[in-house]
Every structure is written in structure tokens, then in C-alpha cells.
Amino acid sequence: MITVIIIAGRDVMRYSRQREALHNLLCSTKTHPDAEWLYLNLKKSLPNLSLGTVYRNLKQMAENGEILEISCKNSTHYDGDISRHYHIFCENCGKILDLPREYISVSVEKNNIADITGYDVLFQGICFDCKK
Ligand SMILES: [Zn+2]
Ligand SMILES: [Zn+2]
């Protein structure tokens, strides 16, 4: 019984450390990475990390509202910045850039149809790096 508790405790500790590292890495980048990128970059400091753990943690953190999940055409990306903002997906290089909320006036927020509790908007375009 005691052994079980100790193992469980250790697992929880390792689990939360991986999760914290994941969250920190996600908050330190503006590139809106996918799970694979996060996994490859964390693997250096957390050799025991598995891609499955990364996916599981990302899913949970997204559900808890700690991070944002951005669904693109063929992939899912993540954002540590949970302030309300929009994203624009470059059709040429696949980069995802932030579009500050103030850039777009949203009249749908004030409506007499329903209380809006969230929304998911992804713009598409060509980024200025690609346009050059
Ligand atoms: Zn581009
Ligand atoms: Zn963003």
C-alpha cells in the first residue's frame, strides 16, 4: 500500500513537471507550435518524455483553458497566450501569426440571439515574409 502511494506520488510529480515544462515552452514562443515541435524541443531536457504524454497534456491544458488550441487544415497548433486574439494562417509557409483583437471590430459579441462564451476564428492569407 505504501509502495503504491510513493509510486503514485512520484508519477504525479514527474507528470506535473513535464506539464509545467510544456506550458513554459509554449508561453516562451510566438510561433504557435504543434505537438511534434514541442516534443522535440522538450526531449532534450526531459529524455523520458513521450509524444503521447505531450498530446495528453496539451489536450488537458486546452480543456482547462490554460492554452489555446488552433485547428488548421491538416494540423493542430497551440498557443500559450490565452488573451483574446485571432490567428492568421499563411497559406504559403504554414506559419501562424497573431492578429490583435483590436484590429478587427466584432459586432457579433453584442447580439440578441445568444450569449457568446467563446469563438474560434482562423484567417487565411499570405504572410509578409512570403510576399517579399
Ligand atoms: Zn508565409
Ligand atoms: Zn496566438
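Whatever order the structure lists ligands and atoms in, that order sets their numbers, starting from 1.
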Test side-chain contact (heavy atoms from CB on, under 4.5 Å) on L25 and W37; report intermediate values, then the result. CA-CA 10 Å; L25 179 59; W37 185 93; 4.0 Å; yes
Nearest heavy-atom approach of L58 to I67 is O-CD1, 3.5 Å
Pick from L97, I96, I88: which one makes a side-chain contact (heavy atoms from CB on, under 4.5 Å) with F123? I88
Backbone of T31 reached by a side-chain donor or acceptor of K95 within 3.5 Å: no
Give every protein N, O or S atom lying under 2.8 Å from the Zn ion (ligand 1), naming each by residue and atom. C90 SG, C93 SG, C127 SG, C130 SG
If you measure from CG on L68 to CD1 on I70, what distance do you get to the nearest 0.5 Å? 6.5 Å
Quick check against the 3.5 Å criterion: does D81 have a side-chain atom that pairs as donor or acceptor with the backbone of S83? yes
What's within reach of the Zn ion (ligand 2), meaning protein N/O/S atoms under 2.8 Å? H32 NE2, D79 OD2, H85 NE2, H87 NE2, D98 OD1
Student check: side-chain heavy atoms of L122 and S71 closer than 4.5 Å: no
K59: what forms a salt bridge (charged side-chain N to carboxylate O under 4.0 Å, His left out) with it, not counting sequence neighbours? E63
Ring pair (Phe, Tyr, Trp, His ring centres under 6.0 Å) filter on H87, not counting sequence neighbours, yields H32, H85
